[in-house]
Undergrad: 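Handing you a structure now.
Every chain is numbered from 1, with letters handed out A, B, ... down the list of sequences.
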Amino acid sequence: MRAAPGSPAPDEPPRKARYTPAAIEEKWRDRWERDRLAATPDDSSDPNFYFVTMFPYPSGDLHVGHWYAMTPSDTAARFVRMRGHNVLFPMGFDAFGLNAENAAIRTGVHPSDNTERNMANMRRQFRLMGAMIDWRREVVTCHPDYYRWNQWLFLKLYEKGLAYRAKAPVNWCPKDQTALANEQVINGLCERCDTPVTKKDLVQWFFRITEYADELLTFEGIDWPERVRVMQTNWIGRSEGAEFSFGVDGAADRIPFFTTRPDTIFGATFMVLAPEHPLVDKITTSARRAEVDAYVAATRQATEIERTSAERSKTGVDTGAFAVNTFTGERIPIWIADYVLATYGTGAIMAVPAHDDRDFAFARTYGLAIREVISADGTEHTDLALAYTGPGVMVRSGRFSGMTSEEGKRAVAEDAKERGIGGPSVTYRLRDWLISRQRYWGTPIPIVHCSSCGIVPVPEDQLPVELPYDVEFTPDGGSPLARKRSFIETTCPSCSGPAEREADTMDTFVDSSWYIYRYPDPRIDTAFMNEAVAKKWLPVTRYTGGIEHAILHLLYARFVCKALADLGHLWFREPFTHLRNQGTIVFKGSKMSKSRGNVQAPDEYVARYGADTLRLFMGFMGPWTAGADWDASGIEGVHRFLHRVWDIATAPPSGGVRDAELDGYVHRTIAKVTLDLEKYHFNTAISALMELSRELLHASGPSRGDGVRTLLLLLAPLAPYITEELWERRGGTTSIHRERWPEADLATAARREITLVVQVDGKVRDRLTAPAGLDDAAAEAAARKSERARAALAGRPVTHTIVVRDRLVNLVTK
RNA sequence: GCCGGAGUACCCCAACGGUAGAGGGAGCUGAUUCAAGACCAGCGUAGUGAGGGUUCGAAUCCCUCCUCCGGCACCA
């Protein structure tokens, strides 16, 4: 007769209890909740430590990518806690966003209802993870008690001149029907939906992040990955040079332009304006107008990808107007071309075809003059085959001729300054943060438009401007708020006359730019932050999150922190003292996302192996910062490990004497795991614990008992359920998660016996077992006695030896 | 094109300039079993992308190149 799977045959003796994750995990979820294990006090005898991991968008499911982000962060936070800190590890939801609104258009379910339902499910999933989250401090950005302070932030920035309204050619996503910030355009595609982005002239709200460009480059006093600092530095794109202006021939207008090569100004044989440049219309001659207008119109229709492709051949149109090169006195033609960007510098350039690849190509195409003014060898050349962009000596440059290009850069800029036509200048690639969104599911911008008073901010005491629930979602994609008359129609706070509300909402990155200030007391309704409580926590001691936010969220959050500091609301200028980014989890080579339909659900793994196994596997896949391709085939390995831990820890204790070897092994493991967890090296920490478990498997006696205890403590932050259960079964009366982290004792950890490697001329020839701590002479003597080493020496004299204490002896003959 | 990061066994990955192997997966052998699985014990395979250099000694540092990943890219 065959026993049913999983149940012992009736005639077998009763077996020892097996590891059954589902049962013990549910038991501890309840117990921890009942005991409020995750509730962090604001004051404790342990020093406070504010550990935050980026909060998720409530898509409805915590997929494998979320587990990869969250559970190792939870492990790191638990580790810090066991090491004697009072750790606040909060969670919330970045709950506004276009996904919910698009779903509403598709399915008719209101974004608010949909979001609430999704959050409820995700809270349940967080509970499965076993993350030690203080839910009393939850922040939900779509609730009026949160976004009210979004509006407050907007008003403060507005008062300070850091929020402003301007008409500009903005990035427009035709699918999402809204403007986008530059940071949200990835390779010309909408960050959300991969639709090619076009340009549109719109009046929009901006935050003046460029005001902080230089400070954002400093990263002072913060420990951030090099990679993120480099990405932000590239994004800000500081460029030193000079700004000059040339006058328009026969008109009063001057055209300012930026250049990094003032030394080439004598070679400026024409100018190029961006098609959107404000002077284009004014200076274009009537003979050229039709062609210019057509070109401008064509440019506007082109997508960002079409426009910025570097491979594309250069196109442009002559405006018929001329500028005067102040340095040469020449009249030079003014062209427009789409390779000049309206949003960089001044939207105009002096074209120096001899020394710029792009200008060279353009001049060749349209037969414009090319004049060499920088020479590599100091002699003058004609008929350049290519632009020369390197350094050299200035030629054909009036009194500057003979200077090196480096000298010339300064001299020309200084000369221009004296003559009042320009001077040294700095330009950034970073542009102001466009925060208006022509959508519903976001924070209403607290502004009223009054026909007599103009733009009027909503007074603080009238906040929040609540998002109306009852709006119409239509497939045309237009903003539901703009059509909601009862929302739009209002009275002017200033003159009480009829007025209209701003219909745009804020970019959701505004919401997430300051949520860390809200966590310490998310319920305070008199300020954006409970300063007294926040002072105990802020700034964030450690922050973790995906590398994909390197320039989006992380740059915005730094800006808002600095702005709030300047407004007198914060006492620090960097929000995140210490940052680490996990890499991206991909599935079969592409990033996991709901829209791609390749989301891997953790649920079946949790059901089959338990949350502990999945948590462990997240850390075991490889270096956390590297990310990984999702492949669950290795999950069995960590699951077997937990079974082994279970078997070891439930085995009855045995008598005997202490085992110094095993004690040493245990203490070396403590040292190793401690170091690894400090560095977020979960994979090698788990590996060390697997080794330890194998050592303990066949051990006995008191050393074994202590070893098992240590194993459980070291494993507790990684696998909170099984360790808690085993702790209790072994007699623990309080939670293992309130225990202190073990300390490695160096004397116990020290090896008594080592393997001494004997090399001859750097090649390994023998391995000797020797007592630890031999001095150099004794080690050398032992090495010289080695038969194998002598054979390798073959009688050659040893000229000198290298001894590495307790490791190797190298006998060198040459 | 520019700037980062990475190339180690069949796969995922370890290795303060000092024994190339910690761990896991897959595979194989044995023990156990009526048998299978689980479990236990054990096994192997690379000389570290290529080529130079520095060094007593290089996966590790330097140079050149190749491949992959990420960022920036007509940014004046």
Side-chain angles (χ1 to χ4, degrees), chain A residues 2 5 18 186-187 225-235 237 239 241 257-261 264 272 274 307-314 337-341 343-352 355-359 361-362 427-431 547-548 550-551 583-584 586 589 616-617 620-623 625-629 631-641 643-644 647 672 681 683-691 693-694 697-698 755-767 798-814:
Chain A
R2 181 162 298 203
R18 296 280 302 158
I186 313 293
N187 294 327
E226 167 80 11
R227 185 175 173 197
V228 176
R229 298 203 312 264
V230 166
M231 281 167 76
Q232 292 204 352
T233 302
N234 286 346
W235 184 261
S239 186
F257 59 88
F258 175 79
T259 179
T260 54
R261 294 295 303 271
T264 64
V272 187
R307 257 196 87 165
T308 58
S309 166
E311 286 88 58
R312 189 168 149 250
S313 60
K314 305 243 167 323
D338 64 5
Y339 79 90
V340 173
L341 307 174
T343 46
Y344 184 76
T346 64
I349 61 161
M350 68 168 189
V352 185
H355 304 293
D356 182 281
D357 294 324
R358 298 151 299 179
D359 298 345
F362 193 76
T427 289
Y428 302 88
R429 215 188 67 92
L430 178 72
R431 287 161 226 165
I547 188 72
E548 66 273 17
I551 37 188
T584 310
V586 296
L616 225 41
F617 186 56
F620 195 62
M621 287 193 286
T625 50
D629 208 330
D631 171 12
S633 66
I635 200 167
E636 288 285 351
V638 286
H639 190 58
R640 279 180 202 142
F641 163 60
H643 271 285
R644 193 157 64 231
D647 291 343
K672 163 91 177 139
H681 292 177
N683 54 333
T684 48
I686 294 165
S687 159
L689 293 172
M690 286 173 163
E691 271 185 277
S693 76
R694 184 145 290 147
L697 195 56
H698 302 293
T755 301
L756 189 67
V757 169
V758 182
Q759 293 184 338
V760 174
D761 291 330
K763 288 201 176 71
V764 177
R765 296 300 183 186
D766 202 0
R767 296 183 173 91
V798 174
T799 56
H800 64 288
T801 55
I802 309 278
V803 180
V804 181
R805 180 65 63 94
D806 284 348
R807 296 215 114 154
L808 67 77
V809 177
N810 189 6
L811 304 172
V812 183
T813 66
K814 40 189 181 191

Undergrad: Applying the Watson-Crick and G-U wobble criteria at under 3.5 Å, what pairs with rA15(B)? Answer none if nothing qualifies.
TA: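 rA15(B) is paired with nothing.
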
Undergrad: Using both distances under 3.5 Å as the test, list the Watson-Crick or G-U wobble partner of rG42(B), or none.
TA: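 The answer is rC28(B), by the H-bond criterion.
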
Undergrad: Could you check which of rU19(B), rC3(B), rA41(B) has an atom nearest any side-chain atom of V230(A)?
TA: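 Among rU19(B), rC3(B), rA41(B), the one nearest the side chain of V230(A) is rC3(B).
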
Undergrad: Roughly how many Å apart are rU67(B) and rG42(B), using the C1' atom of each and rounding to a whole number?
TA: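 Rounded to whole Å, the distance is 38 Å.
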
Undergrad: Nearest nucleotide by nearest heavy atom, which residue falls closer to the 5' end of RNA chain B, D356(A) or W235(A)?
TA: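 Its nucleotide being nearer the 5' end, the pick is W235(A).
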
Undergrad: From the list rG18(B), rA76(B), rC40(B), which nucleotide is the closest neighbour of the side chain of I349(A)?
TA: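 In terms of side-chain proximity for I349(A), the closest of rG18(B), rA76(B), rC40(B) is rA76(B).
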
Undergrad: Taking the same atom, C1', in rC66(B) and in rA73(B), what whole-Å distance lies between them?
TA: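 23 Å, rounded to whole Å.
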
Undergrad: Output the rounded distance in Å from CE (M231(A)) to C1' (rA73(B)).
TA: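 It is 14 Å, rounded to the nearest whole Å.
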
Undergrad: Mind checking the C1' distance from rA14(B) to rA76(B)? Whole angstroms is fine.
TA: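 Pairwise C1' distance, rA14(B) against rA76(B), rounds to 48 Å.
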
Undergrad: Can you tell me, in whole Å, how much space there is between the C1' of rC61(B) and that of rG17(B)?
TA: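 One C1' to the other, the span is 8 Å.
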
Undergrad: Do N810(A) side-chain and rC56(B) base share a donor-acceptor contact under 3.5 Å?
TA: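 In this structure, the two groups form a donor-acceptor pair.
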
Undergrad: Roughly how far apart, to the nearest Å, are rU54(B) and rU60(B) at atom C1'?
TA: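 To the nearest whole Å, 13 Å.
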
Undergrad: Taking the side chain as everything from C-beta on, heavy atoms only, tell me whether T259(A) gets closer than 4.5 Å to I349(A).
TA: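 SC-SC contact between T259(A) and I349(A) ruled out.
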
Undergrad: What is the glycosidic conformation of rG71(B): syn, defined as within 90° of 0, or anti?
TA: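 With its glycosidic angle more than 90° from zero, rG71(B) counts as anti.
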
Undergrad: Taking the minimum atom-to-atom distance to the side chain of Y339(A), which one of rC13(B), rC56(B), rC74(B) wins?
TA: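 Nucleotide nearest to Y339(A)'s side chain: rC74(B).
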
Undergrad: Suppose we define a pair by two distances each less than 3.5 Å, Watson-Crick or G-U wobble; what does rG70(B) pair with here?
TA: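 Result: rC3(B).
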
Undergrad: From the list rA76(B), rA14(B), rG18(B), which nucleotide is the closest neighbour of the side chain of Q759(A)?
TA: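 That would be rG18(B).
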
Undergrad: So if I take every side-chain heavy atom of E691(A) and compare against rA22(B), rG24(B), rG71(B), which nucleotide ends up nearest?
TA: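 So the side chain of E691(A) is nearest to rA22(B).
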
Undergrad: Rounded to the nearest 0.5 Å, what's the gap from OG1 on T260(A) to CG on D356(A)? Could you check?
TA: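 Interatomic distance, T260(A) OG1 to D356(A) CG, rounded to 0.5 Å: 8.0 Å.
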
Undergrad: If you check every side-chain atom of V757(A), which of rA41(B), rA76(B), rU19(B) has the closest atom?
TA: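 That would be rU19(B).
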
Undergrad: Would you say a side-chain N or O of R640(A) is under 4.0 Å from OP1 or OP2 of rC39(B)?
TA: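 Checking rC39(B) against R640(A), a side-chain N or O does come within under 4.0 Å of OP1 or OP2.
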
Undergrad: Measure CG/D357(A) against P/rA73(B) and give the value in whole Å, please.
TA: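 Going from CG in D357(A) over to P in rA73(B) covers 18 Å.
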
Undergrad: Just how far, in rounded Å, is P of rG71(B) from CZ of R429(A)?
TA: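 The distance from CZ of R429(A) to P of rG71(B) comes to 13 Å, rounded to the nearest Å.
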
Undergrad: Backbone N or O of T427(A) within a donor-acceptor pair of the S239(A) side chain at under 3.5 Å?
TA: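 Judged by distance alone, no pair lies under 3.5 Å.
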
Undergrad: What's the closest nucleotide to the side chain of R227(A) if the choices are rA76(B), rC56(B), rG70(B)?
TA: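 Looking only at heavy atoms from C-beta outward on R227(A), the closest nucleotide is rG70(B).
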
Undergrad: Taking only the P atom of each, what is the distance from rA41(B) to rG7(B) in whole angstrom?
TA: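 32 Å, rounded to whole Å.
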
Undergrad: Could you please name the option among rU19(B), rA76(B), rG24(B) that lies closest to any side-chain atom of F620(A)?
TA: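 Closest of the options to the side chain of F620(A): rG24(B).
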
Undergrad: Would you kindly check whether a donor in the side chain of E226(A) faces an acceptor in the base of rG5(B), or vice versa, at under 3.5 angstrom?
TA: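 A donor-acceptor contact between them is absent.
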
Undergrad: How long is the line joining CE of M690(A) and P of rG24(B), in whole Å?
TA: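 Checked: the CE to P distance equals 6 Å.
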
Undergrad: Please determine, for the side chain of H698(A), which listed nucleotide (rA76(B), rA41(B), rC74(B)) has the closest atom?
TA: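 Given the options rA76(B), rA41(B), rC74(B), the side chain of H698(A) is closest to rA41(B).
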
Undergrad: Any side-chain to backbone donor/acceptor pair from S687(A) onto N683(A)? Under 3.5 Å, distance only.
TA: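 No, the answer is negative, given that no donor and acceptor are paired below the 3.5 Å cut-off.
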
Undergrad: How long is the line joining CG of D647(A) and P of rA41(B), in whole Å?
TA: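 Rounded to the whole Å, the gap is 12 Å.
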
Undergrad: On a whole-Å scale, what distance lies between the P atoms belonging to rC40(B) and rG23(B)?
TA: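 Looking at atom P only, rC40(B) and rG23(B) are 14 Å apart.
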
Undergrad: Across all strands, who's sitting opposite rU8(B) as a Watson-Crick or G-U wobble pair, both distances under 3.5 Å?
TA: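 Because no pair has both required distances under 3.5 Å, rU8(B) counts as unpaired.
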
Undergrad: Rounded to the nearest angstrom, tell me the gap between atom CG in L811(A) and atom C1' in rU19(B).
TA: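 My rounded result for the distance is 15 Å.
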
Undergrad: Atom CZ of R694(A) to atom C1' of rG23(B): distance rounded to whole Å?
TA: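 Checked: the CZ to C1' distance equals 9 Å.
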
Undergrad: Salt-bridged, E226(A) to R229(A), with N to O below 4.0 Å?
TA: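 Judged by the 4.0 Å cut-off on N to carboxylate O distance, E226(A) and R229(A) do form a salt bridge.
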
Undergrad: Give the nucleotide from the list rC74(B), rA76(B), rG71(B) with an atom nearest to the side chain of F258(A).
TA: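 For F258(A), the side-chain atoms sit closest to rA76(B).
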
Undergrad: Search all heavy atoms of V809(A) against all heavy atoms of L756(A) and return the closest pair with its distance.
TA: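 Closest approach of V809(A) to L756(A): CG2-CD2, 4.1 Å.
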
